[in-house]
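One structure below.
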Amino acid sequence: MGTPLPKSAPLEGDSRRWKALVFIALAQLMVVLDATIVNIALPSAQTDLGISDGNRQWVITAYALAFGGLLLFGGRIADLWGRKQTFVTGLIGFALASAVGGAAQNEAMMLGARALQGLFGALLAPAALSLLAVMFTDAKERAKAFGIYGAIAGGGGAVGLILGGFLTEYLNWRWTFFVNIPFAAVAALGAVFVIREPAGGRNRSPLDIPGVVLSTLGLVSLVYGFTRAESSGWSDVSTIGLFVAAVVLLAAFVATEARVKHPLLPLRVIADRNRGGVYASLGLAVIAMFGLFLFLTYYLQIVKGFSPVKTGFAFLPMIAGMITGSTQIGARLMTRVPPRLLMAPGFLLAAVGMLFLTQLEVGTSYAGVILPGQLLLGLGMGTAFMPAMSLATIGVEARDAGVASAMVNTSQQVGGAIGTALLNTIAASATTAYVADHAAGARNAQLLQAQAMVSGYTHAIWWAVGILAVSATIAFTLINTGVPGSGSAAASGDAEGVEDEFKIPVVAH
């Protein structure tokens, strides 16, 4: 065993942490890719496996429920088992589940594979982020590492559209599952030989079983409630029942965590105003972003007639913007300006990009509207995501790093579920209203339908603009910590704040 490190000191003698970052980033890319790559393959898989229209949503929902519902549990397991062991276990399990999905012969086999992918993703995602949190402790190194991670977390979904289009169009839908296997194999082998987790950071307290049950059921009810709202409507009895159950279960979870000796989610993790601000603003931003992915994909394929591959390439400006914003703006400025002065302007810049996309019409030029809108959106999101990912785990005790990381993923996952359901419902209502208003004078039914769809998309994108503005306001108001590593205390006076931002307990020799 070694001795405590001074503030801002990197892992002594551990030059392999940058190699480790490659494998952590590869695993994160695999998880993020999977969120969108299956969407492209779904129509082909549905036909081959005989999945009904009513049940096809479960290919997406089975994954979302398992992943979103078990994230806090996965983060706690990472703190208990050790992050490296949890990371490798998650990779192996995700690869096996992907193999089952690719080989699926019927609906039940496919849905089971997707649920297993979600389960192992819930182990993998918080372990990956918490490994970064405990391995990169120097302010400048942390900025670079989280810049890369933030770019992947933000842009990976768009990359999934490209890869999914290629695999579906030129091979077949099964390869959208099989492609995960080499990703997972390389990342797992690299993790075994390269990743060296600092010692002394495990939380060996007994597992909080009531907390696990309440949080899992509460998050599943919440995510499934938004899924039901999209398909059955907000006033449906089952939708309302799910939301009521989610509120009751999550309230009971918070009450339980305040009383038990070894909570699943120590309330100190979310009580800090800076981390709370990150979770809230990030979750809202993801609502806007997931909705845009959905509408822009539909617009390009259905209205403009793009192929899956061409649609994927049409998202490249957003990816380029995210990578630039994250690695060249966010990472370079993170050690010079307070996080809120990156996050709030980043979300506002993304809102300006969304404003471009509110101008969509059936005949809109890609180069004149969609391309600049995507670039601005990507730049803004990349600039904001990078400090958000880092700040979410700053100042957290090493024993809580896994569950704090899980909260980041939970806010994104719940935000994605809300964004898809809420904005899709708004779009559908606006589309119906447009048809009702213009049907009498319409001469071309096909053109009317296309115009109605675009009207629905733009209505929903206006809501996304407003959501991003609220996200920027939350970031600017709640997040008040100073420049990382500068020693300037946060105005909140949080006892565990900036003074201990980059402490790490003990190095394993």
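If you're wondering where the values come from, they're calculated on a predicted model, not measured in any experiment. All heavy atoms count here, side chains included; hydrogens, waters and symmetry mates do not.
The side chain to side chain contact (heavy atoms under 4.5 Å, CB included) test applied to Thr458 returns Leu360, Val454, not counting sequence neighbours.
Side-chain rings of Phe67 and Tyr63 approach one another, their centers coming within less than 6.0 Å. Trp234 has its ring centre less than 6.0 Å from the ring centre of Phe226. For Phe166 and Phe313, the ring centers are positioned less than 6.0 Å apart.
When atom types are taken as modelled, the side chain of Ser471 and the backbone of Ile467 share no donor-acceptor pair closer than 3.5 angstrom. Arg114 places no side-chain N or O within donor-acceptor distance of the main-chain N or O of Ala97, the cut-off being under 3.5 Å.
Using the six-membered ring where Trp is involved, Trp175 and Phe178 have ring planes that are perpendicular, over 60° apart on the 30 and 60° scheme.
Pairs of residues two or more places apart, or lying in two chains, never qualify as salt bridge (Lys or Arg N to Asp or Glu O under 4.0 Å) while including a residue from residues 380-395.
In plain terms, the two heavy atoms of Met318 and Leu377 that are nearest each other are CE-CD2, 3.7 Å. Listed here is the closest heavy atom pair of Gln374 and Pro317: CB-CB, 4.1 Å. Taking both residues in full, the closest heavy atoms of Ala187 and Phe87 are given as O-CE2, 4.3 Å, listed atom of the first, atom of the second, then distance. Heavy-atom minimum distance, Gly74 versus Pro126: C-CG, 3.9 Å.
When each of Ile209, Leu219, Leu249 is checked for a side chain to side chain contact (heavy atoms under 4.5 Å, CB included) with Leu214, only Leu249 meets the rule.
Atom CE of Met381 sits about 4.5 Å away from atom CG of Leu468, to the nearest 0.5 Å.
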